[in-house]
Amino acid sequence: MALRRTQSERTAGTQEALLEAAIGCLVEFGYAKTTTRVVADRAGVSRGAQTHHYPTKTELVTAAIGYLFDQQARRFRDAFAALPEDRRTVDQALALLWEIVSGPSYAAVLEVTVAARTDAELRVVVHGTAAVLESTVIGLLREFFPTVQGELARTIIDIGFTLVQGAAVSSYAGYGDPERTIRLMKSVAALLTPEMTDVLIGALNVLDA
């Protein structure tokens with residue numbers, strides 16, 4: 001005899017179904033055509049249940065992107081931790097990050113990012129989510145590379161994310177050579193000795209002055 005799920009388990013199941021459906025709709029239909037009704041239908045959830053958990057499209061999409069980022073962060077941490085210690089390098093970390101970002105689900109992130117350009121409410125949410133993601137990735141970087149701290153960690157993240165996201169846009173749009181960009185980024189990362197990073201941070205400080 002199957003055990004009945006608790007209320008909290010049913011709630012979590014409904015929310016997960018909605019978030020997975022929202023990500024799928026963003027990837028397949030784009031932001032403009034992703035509606036709460038379409039998401040509810042895809043999730044097999046009633047409209048009443050959908051509005052109970054996520055009353056507006058912005059709230060639903062925000063939760064879905066946060067859910068996706070959490071999944072990707074766990075995937076990155078688990079994959080990197082599974083590597084032998086001698087392969088836990090910055091260039092290998094960037095390779096894993098690219099593997100995640102170049103996957104189909106990241107198109108949902110790009111859809112929301114582009115939509116936020118002309119949607120003030122969504123833009124605030126996207127900026128907040130991006131800040132949380134940056135903090136998470138910096139935490140992972142410090143966890144796996146204890147000597148990488150402070151300004152250096154933020155610098156590596158800024159450069160890495162800029163190049164990876166740019167390569168992702170090129171890949172989804174079908175132009176340029178994103179794989180070449182990633183190879184170049186990995187080659188540069190392999191050269192990030194303490195001396196080189198000091199020079200890099202010095203150069204960035206001059207540009208910021």
Apply the test side-chain contact (heavy atoms from CB on, under 4.5 Å) to residues Glu99 and Phe76: give CA-CA distance (whole Å), side-chain angles for both, the deciding distance (0.1 Å), then the verdict. CA-CA 9 Å; Glu99 182 181 324; Phe76 177 88; over 6 Å; no
Test side-chain contact (heavy atoms from CB on, under 4.5 Å) on Glu111 and Lys33; report intermediate values, then the result. CA-CA 11 Å; Glu111 282 289 332; Lys33 293 183 179 180; over 6 Å; no
Assess whether side-chain hydrogen bond (donor to acceptor under 3.5 Å, both in side chains) is satisfied between Tyr54 and Gln50, documenting all intermediate values. CA-CA 6 Å; Tyr54 306 105; Gln50 177 264 303; over 6 Å; no
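Listed by chain and number, the residues in a side-chain hydrogen bond (donor to acceptor under 3.5 Å, both in side chains) with Thr36 are Arg47 (sequence neighbours excluded). Under the side-chain hydrogen bond (donor to acceptor under 3.5 Å, both in side chains) criterion, Glu59 pairs with Thr56, sequence neighbours left out. Contacts of Thr118 classified as side chain to side chain contact (heavy atoms under 4.5 Å, CB included), with partners at least two apart in sequence or in another chain: none. Partners of Glu28 under the side chain to side chain contact (heavy atoms under 4.5 Å, CB included) rule, at least two apart in sequence or in another chain, are Arg42. Listed by chain and residue number, Gln92, Lys186 satisfy the side chain to side chain contact (heavy atoms under 4.5 Å, CB included) test with Ala95 (two or more places apart in sequence, or in another chain).
Rounding to the nearest 0.5 Å places CG of Asp41 at 8.0 Å from OG1 of Thr35. Atom NE2 of His52 and atom OG1 of Thr14 lie 9.0 Å apart (nearest 0.5 Å). Annotation: the span from Arg77 atom CZ to Leu96 atom CG amounts to 13.5 Å, rounded to 0.5 Å. Rounding to the nearest 0.5 angstrom, the gap separating the CD atom in Gln72 from the OH atom in Tyr106 is 7.0 Å.
A pairwise comparison of heavy atoms in Leu68 and Ser105 identifies CD2-O, 3.5 Å as the closest pair. The two residues Ala64 and Ile23 make their nearest non-hydrogen contact at O-CD1, 3.7 Å. Taking all atoms of both residues into account, the shortest heavy-atom contact from Ile65 to Leu26 is CD1-CD1, 4.3 Å. The minimum heavy-atom distance linking Arg123 with Ala116 is given by the pair NH1-O, 3.0 Å. When all heavy atoms are compared, the tightest approach of Val39 to Ala21 is O-CB, 3.6 Å. The two residues Ser8 and Thr6 make their nearest non-hydrogen contact at OG-OG1, 3.1 Å.
The other members of the hydrophobic cluster of Phe29, by chain and number, are Val38 (side-chain heavy atoms under 4.5 Å, ILVMFWY only).
Considering only heavy atoms from C-beta on, His53 comes within 4.5 Å of Thr11 through its side chain. With a 4.5 Å cut-off on side-chain heavy atoms, Tyr31 and Asp119 count as touching.
Under a hydrophobic clustering in which Ile, Leu, Val, Met, Phe, Trp and Tyr are joined whenever their side-chain heavy atoms come within less than 4.5 Å, directly or via other members, Trp98 and Leu83 fall into the same cluster.
Residue Arg10 qualifies as enclosed at atom CZ: its count of foreign heavy atoms under 6.0 Å is above 12. In this structure, Glu121 places its CD atom where only 12 or fewer heavy-atom neighbours from other residues, nucleotides or ligands lie under 6.0 Å away.
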